[in-house]
Amino acid sequence: MKKMKKRNMHAGPSLIRQSENRMKLDVQNIGKTFTLHNRNSVQVCGFSNVSFSVNRGEMLALTGPSGVGKSSILKAIYRTYLTNPGSILFHRTDGSVINLASCGESQVLNLRRREIGFVTQFLKVLPRITALQAVASPLVELGETEQTSSLQAAYLLDLLGIREELFHISPLTFSGGEQQRVNIARGVIAPKELLLLDEPTASLDEKSSDRVLELLMELKKKDIAMIGIFHDKGKIERVADKTYNVQREDSPVMTSSIQQEAA
Amino acid sequence: MLLDVRNVSKIYGTSCDQCLSLTGVEHDRAICPECGSVVAVNSISLSARKNEILGIVGESGSGKSTLLQLIYQDIRASSGEIFFQGVTDKNGQPSNILHEPPSAVSRLRSKEMSMIYQNPRLGLNFLFSAGGNIAERIIGAGERRYDEIRSNALDYIRRIEMETSRIDDYPEEFSGGQQQRIQIAKALSSSPQLLLLDEPTTGLDVSVQAKILDLIKELQQDMGFSMIIVSHDLGVINHLTDITVVMKHGTLVEYGLTDQILEDPQHPYTQLLVSSIL
Ligand SMILES: Nc1ncnc2c1ncn2[C@@H]1O[C@H](COP(=O)(O)OP(=O)(O)OP(=O)(O)O)[C@@H](O)[C@H]1O
Ligand SMILES: Nc1ncnc2c1ncn2[C@@H]1O[C@H](COP(=O)(O)OP(=O)(O)OP(=O)(O)O)[C@@H](O)[C@H]1O
Ligand SMILES: [Mg+2]
Ligand SMILES: [Mg+2]
Ligand SMILES: [Zn+2]
């Protein structure tokens, strides 16, 4: 099923562990069609024939024009969207492999708590909780104390350049860029093994965007696998180890080609 | 698995052998054309694990409350099986609670499962004070030591963010939102493993609703019980639940992760339900 060429782009530490199985996620020929039953059962293509894989400590960037299905692919991996056909194989640290396209709901919930994180494009939190609580809550949910979680949350918010005076206000009152940074902090506070990022730097200025990219580079060093969507090539070149260009099935160019670029 | 509901049905009326097969979402009716019985719940299966939060949505009369009452053993199922963690037969095998003796069912209802009703009069004894209501449940769960009962009751009054000085006031003397809080305190005071909630905030002011939902979420995170919550409000379902069950005419229309149900609904009825609210 491996249609892509694999080349090791890294020198240094990652080479040493080359012999181990470094695979984190293996997406095999997935497709998604939306059937809108209440609109004459019209069929909308989300994406089709998508295959790629991501190793631990590696960032894959999804590229392609608007509407080609980039966000939908991330949602399919997270199981917000159901896929058919294809399989989405998640390799766990213990060596077992789970097909995210077909495993049980409870298993997905467990993976979301501890192994798979999603930084969505827009912040979705209850209107009555503060920024600090919003960021801390994934840790609290894992059983960490309120105090430790808040400290870690404050550290991340500060790292991403959110002023302390905003910590105790609902993030829904924040500017778009501030909300986005809260969302990122929330997405990375609990340790995960695979992180999905939908345009994490879209509404950020240069400086905030730099901070986010640096944070992502740190996460890669911690061996976290990532799949991200970025809206500009410069950012992709800075953080991504490889790219996957999503294409429409009807387009003349064959799908499932991977262009690799040095990070 | 904490709770495992298999093929449970509830028929109101004389019932015939066609009731289940001639009703449900695919027949677009809940009344049996042969015998006229109401099939309130039709062959529903679902399960809840520790720490999971399930939501049940569906139009009025689709059988949501009936399903909760079947689980809580408020009413008897016409057919099906329900398993609850720890309820086993002589050989240690899971035992259908529908066939357990009343004493076992009563223990489940007074300790392991709690129900919060939309109408506080169903969940609270209005002849007892707030503290008395909570104490009643703590005693029902097996505690006999007076000091323990009193300090636990006070602890739960604090947990629902109410002044402990109001412990001796009667339900009538509280607002609707406060009555719901007392119901929550009472329900949780037996440290149940499963909390069932039937439209717990419907009919309250929006701001009061929000605070009560926050409280429920907080207590759930703190205490780690599982929940099944019935609500017609998809906003509530979205913010509170992990898994959503969609019902129509007594049948289960769709079951999935809550974000999947809301963003990628499969069944025509679910698509209609989601689009009418967004
Ligand atoms: N929930 C949905 N229901 C119906 N159609 C959908 C749904 N989600 C996505 N689509 C459709 O799937 C296609 C891919 O959308 P998607 O959002 O994945 O694109 P994208 O590549 O992320 O675009 P952009 O770069 O603009 O964000 C679009 O045609 C879109 O209309
Ligand atoms: N005791 C009863 N006797 C006869 N029919 C009943 C009884 N209880 C409920 N029903 C019927 O069973 C069906 C399901 O009722 P249920 O109360 O479970 O609906 P629901 O989904 O909770 O609706 P709502 O959203 O309005 O609360 C309805 O048609 C109702 O009339
Ligand atoms: Mg997108
Ligand atoms: Mg009801
Ligand atoms: Zn009948």
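Within every chain, numbering begins at 1; the chains are lettered A, B, ... in the order of the sequence lines, protein sequences first and strands thereafter.
Ion pairing between A:K124 and B:D259 fails under the 4.0 Å rule for side-chain N and carboxylate O.
For B:E163, the CD atom is loosely surrounded, since the number of other residues' heavy atoms within 6.0 Å does not exceed 12. A 6.0 Å sphere centred on CD of B:E26 holds more than 12 heavy atoms belonging to other residues, nucleotides or ligands.
Between A:S106 atom OG and B:D242 atom CG the span is 9.0 Å, to the nearest 0.5 Å. For the atom pair CD (B:E263) and OG (A:S72), the distance works out to 10.0 Å, reported to the nearest 0.5 Å. Atom CG of B:N51 and atom CD of A:E141 lie 9.0 Å apart (nearest 0.5 Å). Separating the CD atom in A:E146 from the CD atom in B:Q221 is a distance of 8.5 Å, to the nearest 0.5 Å.
Residue contact with chain A, scored on non-hydrogen atoms closer than 4.5 Å, is absent for B:D222. For A:E105, the parts lying under 4.5 angstrom from a heavy atom of chain B are both the backbone and the side chain. In this structure, the portion of A:F34 lying under 4.5 Å from any heavy atom of chain B is its side chain and not its backbone.
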Next on the checklist: Set out, in order, the CA-CA distance, both residues' side-chain angles and the distance that settles side-chain contact (heavy atoms from CB on, under 4.5 Å) for A:I129 and B:K217, then state yes or no.
Outcome noted: CA-CA 12 Å; A:I129 64 172; B:K217 178 110 194 174; over 6 Å; no
Item to check | Candidate pair A:K75 and B:D264, rule salt bridge (charged side-chain N to carboxylate O under 4.0 Å, His left out), full reasoning | outcome: CA-CA 10 Å; A:K75 287 183 182 180; B:D264 187 20; over 6 Å; no
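For the pair B:L257 and A:T80, the minimum side-chain heavy-atom distance is 4.5 Å or more. With contacts defined as side-chain heavy-atom distances shorter than 4.5 Å, the pair B:Q260/A:R79 does not qualify.
Checking side-chain atoms of B:Q271 against main-chain N and O of A:R39 turns up no donor-acceptor pair under 3.5 Å.
Pairing each heavy atom of B:L272 with each of A:N38, the nearest pair is N-ND2, 3.3 Å.
Between chain B and the options A:V140, A:L36, A:V108, A:L82, the largest number of non-hydrogen pairs under 4.5 Å is found for A:L82. Of the listed residues (B:R49, B:H267, B:K211), the greatest number of heavy-atom pairs within a distance under 4.5 Å of chain A belongs to B:R49.
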